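This one's a predicted model, so the numbers in the text were calculated from it and none came from an experiment.
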Amino acid sequence: MSEAPTFATRWPMPTRWADNDHYGHVNNVTYYSYFDTAVNAWLMSATGMDTRDLPAIGVVAETSCRFLRQISFPDQLEVGIACERLGNRSVVYQLAVFRLGEAEPAALGRFVHVYVDEQTRQPVPVPEPIRAAVEGLLSPGTS
C-alpha cells in the first residue's frame, strides 16, 4: 500500500457502541465494514442510483488495512475515498479512516471491487455509471 493520497472525497461514518471491543477501541474487523459502507454509499450518491439495480455487481476481491491510531465509540469518523486504479473490470480504492476534522488518518486501507454479471458471476466491464463516478476520484497520472 502506497502512502496516503489527498482524500478530497470523504464519507461520514459514525462509530457505534457495538464497534468497540473488550479493550475499549474499535475492533479491527469493523474497519472493513466502514470501507464497504463508505464505498457503496458514496457510489450510490455519486451515480444517483441504487447500484444494486445494475446487471453487474461489484464483489470484493481484496481488502487490506494498516492501523495507525486507535479510535473508539463515540468518535465521529470520515472515510476518505480515492481511486488507485480504474481497470476494465475492476476498481482499486485507496481508503483512510479519519476522526472528524483531523488531517492524520487513524487507518489506511485498500479495497478492490471486481465487477461480475449478477447471474453468471463471470467478470464483466465496470458499468458505465460506476466508471463515470470513479473517474472523478482519479488523480492526474493515474488510470
Side-chain angles (χ1 to χ4, degrees), residues 1-118 121 123-143:
M1 196 177 333
S2 60
E3 290 304 311
T6 302
F7 291 96
T9 299
R10 292 192 181 195
W11 193 263
M13 184 68 55
T15 56
R16 303 163 300 174
W17 176 261
D19 293 348
N20 278 11
D21 62 18
H22 179 73
Y23 303 108
H25 60 263
V26 170
N27 189 274
N28 57 333
V29 300
T30 306
Y31 288 75
Y32 295 99
S33 174
Y34 295 158
F35 295 160
D36 199 22
T37 299
V39 166
N40 285 293
W42 175 81
L43 281 171
M44 288 181 178
S45 176
T47 62
M49 62 186 299
D50 187 334
T51 56
R52 295 172 294 186
D53 294 337
L54 293 169
I57 58 173
V59 295
V60 177
E62 178 185 335
T63 62
S64 64
C65 187
R66 185 170 54 179
F67 304 98
L68 305 172
R69 297 189 343 221
Q70 179 174 302
I71 57 176
S72 182
F73 176 82
D75 288 340
Q76 294 296 308
L77 308 173
E78 295 176 306
V79 176
I81 305 170
C83 182
E84 178 179 318
R85 183 177 177 281
L86 175 58
N88 183 45
R89 298 178 178 178
S90 65
V91 180
V92 180
Y93 294 96
Q94 289 179 303
L95 302 159
V97 176
F98 297 91
R99 278 192 192 89
L100 186 63
E102 291 188 2
E104 294 299 315
L108 295 172
R110 188 168 191 264
F111 193 82
V112 180
H113 265 163
V114 173
Y115 282 85
V116 298
D117 180 89
E118 181 181 32
R121 298 299 200 247
V124 296
V126 174
E128 283 308 313
I130 303 292
R131 179 172 292 284
V134 171
E135 284 174 344
L137 295 176
L138 289 169
S139 300
T142 58
S143 61

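Between Leu77 and Arg99, the closest side-chain pair of non-hydrogen atoms falls below 4.5 Å. Within the 4.5 Å cutoff, the side chain of Ile130 has no heavy atoms near those of the His113 side chain. Counting heavy atoms from C-beta outward, Met13 and Val97 have side chains that stay 4.5 Å or more apart. Counting heavy atoms from C-beta outward, Thr30 and Arg16 have side chains that approach closer than 4.5 Å. A heavy-atom distance below 4.5 Å is not found between the side chains of Val134 and Val126. With a 4.5 Å cut-off on side-chain heavy atoms, Glu135 and Cys83 do not count as touching. Side-chain atoms of Tyr34 and Val26, non-hydrogen and from C-beta on, do get closer than 4.5 Å to each other. Inter-residue side-chain proximity for Leu137 and Trp42 is flagged as met; some heavy-atom pair is nearer than 4.5 Å.
Across all non-hydrogen atoms, the minimal contact from Pro127 to Tyr115 is CD-CD2, 3.5 Å. Gln70 and Gly24 get closest at one heavy-atom pair: NE2-O, 4.3 Å. Here the shortest heavy-atom pairing between Cys65 and Tyr31 reads SG-CB, 4.1 Å. Of all heavy-atom pairs spanning Val114 and Ala61, the tightest one is CG2-CB, 3.6 Å. The two residues Thr15 and Phe73 have their closest heavy-atom pair at OG1-CA, 3.4 Å. Taking every heavy atom of both residues into account, Ala96 and Phe7 meet most closely at CB-CE1, 3.5 Å.
Atom CZ of Arg52 has 12 or fewer neighbouring heavy atoms from other residues, nucleotides or ligands inside a 6.0 Å radius.
Residues passing the side chain to side chain donor-acceptor pair (under 3.5 Å) test with Tyr93, sequence neighbours excluded: none. Residues that satisfy the side chain to side chain donor-acceptor pair (under 3.5 Å) test with Arg131, not counting sequence neighbours, are absent from this structure.
With rounding to the nearest 0.5 angstrom, the CG atom of Leu86 is 5.5 Å from the CG atom of Leu138. Phe35 contributes atom CZ, which lies 7.5 Å from atom OG of Ser64 (distance to the nearest 0.5 angstrom). Atom CG in Asp50 sits 10.0 Å away from atom CG in Asn40 (nearest 0.5 Å). In this structure, the separation between CG on Leu43 and CG on Leu54 is 9.5 Å, given to the nearest 0.5 Å. Interatomic distance, Met44 CE to Met49 CE, rounded to the nearest 0.5 Å: 9.5 Å. Note that the CG atom of Asp75 and the CG atom of Asp19 stand 10.5 Å from one another [nearest 0.5 Å].
A donor-acceptor contact shorter than 3.5 Å links the side chain of Asn27 to the backbone of Val29.
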For the pair Ile81 and Leu95, evaluate side chain to side chain contact (heavy atoms under 4.5 Å, CB included) and give the outcome as yes or no after the intermediate values. CA-CA 5 Å; Ile81 305 170; Leu95 302 159; 3.9 Å; yes

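Glu104 and Arg69 are not joined by a salt bridge, as no carboxylate oxygen comes within less than 4.0 angstrom of a charged side-chain nitrogen.
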